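What follows is one structure encoded as structure tokens, with my remarks underneath.
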Amino acid sequence: MPGITYVQGDATAPQGKGAKLIVHVCNDLGGWGKGFVVALSRRWPEPEAAYRRWHRERAGNDFGLGAAQFVQVDPCVWVANVVGQRGIRTGSKGAPVRYEAIDAGLAEVAARASELGASVHMPRIGCGLAGGRWSRVEPLITERLVNRGVEVTVYDHG
């Protein structure tokens with residue numbers, strides 16, 4: 001049974017052969033400019049442009065907590081913008097992370113990964129600026145992806 005492979009490295013430079021899906025968590029405000037998205041934007045402009053357009057046109061699309069948007073950036077590489085964060089600041093309702101939204105987004109990622117025959121690559125999603133705990137996120141990845149036969153690599157930078 002596959003598990004999650006942990007490596008030191010850059011999730012914007014996914015390792016291995018074949019189709020790859022890079023997953024990260026976005027907020028529900030349309031904000032893009034801190035954390036992992038900075039590295040994504042340095043490498044490819046398309047995920048940010050697509051996310052901003054998705055948010056701007058949200059009245060007529062599925063943008064919201066739990067949604068996932070897939071943006072092809074190379075012939076064999078896609079980026080999944082998963083809306084798994086309510087706002088950007090910790091407040092009276094706690095950290096911005098929304099585990100149920102990450103879970104819903106990962107279900108969409110699993111379907112797309114299966115469709116593409118892709119492996120999934122990510123930083124520790126939901127655990128940076130979103131303020132989540134890996135002990136809560138890792139079981140969601142195992143349930144939604146690993147248990148469905150999707151290869152997952154998690155990158156710890158630096």
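In what follows, residues are counted from 1 in the order of the sequence shown. Quick caveat: nothing in here was measured; it's all calculated off a predicted structure. Hydrogens, waters and symmetry mates play no part in the numbers below; they use all other heavy atoms, side chains included.
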Could you tell me which non-hydrogen atom of A95 sits nearest to which non-hydrogen atom of A130, and how far apart they are? CB-O, 3.4 Å
Between E108 and A110, is there a donor-acceptor pair closer than 3.5 Å when you use the side chain of the first and the backbone of the second? no
Test item: V79 and Y51 side chains (from C-beta on) under 4.5 Å apart, heavy atoms: no
How long is the gap from CD1 on I141 to CG on N147, to the nearest 0.5 Å? 12.0 Å
Is the closest side-chain heavy-atom distance between V120 and M122 below 4.5 Å? yes
Linking I/L/V/M/F/W/Y whenever any side-chain heavy atoms sit under 4.5 Å apart, do I4 and V7 land together? no
Would you mind listing every ring-ring contact (aromatic ring centres under 6.0 Å, His included) that reaches into residues 99-128, with sequence neighbours excluded? H121-Y155
State the CZ-CD distance between R133 and E138, to the nearest 0.5 angstrom. 13.0 Å
Nearest 0.5 angstrom please: H157 NE2 to D10 CG, how far? 4.5 Å
State, yes or no, whether a side-chain contact exists between V109 and L145 at a heavy-atom distance under 4.5 Å. yes
Supply the atom-to-atom distance I125 CD1 to C26 SG, rounded to the nearest 0.5 angstrom. 10.5 Å
State, yes or no, whether a side-chain contact exists between R124 and V154 at a heavy-atom distance under 4.5 Å. yes
Rounded at 0.5 Å granularity, tell me how far CZ in F36 sits from NE2 in H24. 7.0 Å
Does the ring centre of F70 sit less than 6.0 Å away from the ring centre of W78? no
Co-membership, hydrophobic cluster, residues V83 and I22, 4.5 Å side-chain: yes
What's the separation between atom CZ in R43 and atom CG in D74, rounded to the nearest 0.5 Å? 8.5 Å
Note, I102 side chain near V25 side chain (heavy atom, < 4.5 Å): yes
Is it true that a side-chain atom of E48 and a backbone atom of V37 form a donor plus acceptor pair closer than 3.5 Å? no
Is there a side-chain contact between S119 and V152 in this structure, where contact means two heavy atoms from C-beta onward sitting under 4.5 Å apart? no
Is there a side-chain contact between V137 and C127 (heavy atoms, below 4.5 Å)? yes
Transitive ILVMFWY side-chain link V23 to L116, under 4.5 Å: yes
Could you tell me whether the side chain of D103 and the main chain of L106 form a donor-acceptor pair under 3.5 Å? no
Any residue meeting side chain to side chain contact (heavy atoms under 4.5 Å, CB included) with A39, in chain and number order, not counting sequence neighbours: T12, R42
Taking all non-hydrogen atoms of both residues into account, name the closest pair between V150 and A113 and its distance. CG1-CB, 4.1 Å
Main chain of W54, side chain of N61: is a donor-acceptor contact present, judged purely on distance under 3.5 Å? yes
Please give me the minimum heavy-atom distance between R148 and E143, naming the atom from each residue. NH1-O, 3.6 Å
Please find the pair of heavy atoms, one from G33 and one from V38, that lie closest to each other, and give the distance. O-CG2, 3.3 Å
Is a donor on one side and an acceptor on the other found under 3.5 Å between the side chain of K34 and the backbone of W32? no
Does any donor atom in the side chain of N81 or Q69 lie under 3.5 Å from an acceptor atom in the other side chain? yes
Residues at least two apart in sequence or cross-chain that pass ring pair (Phe, Tyr, Trp, His ring centres under 6.0 Å) with W44, listed by chain then number, are none
L65 backbone acceptor or donor facing D28 side chain under 3.5 Å: no
Closest non-hydrogen atom pair between V82 and A68, with its separation: CG2-CB, 4.1 Å
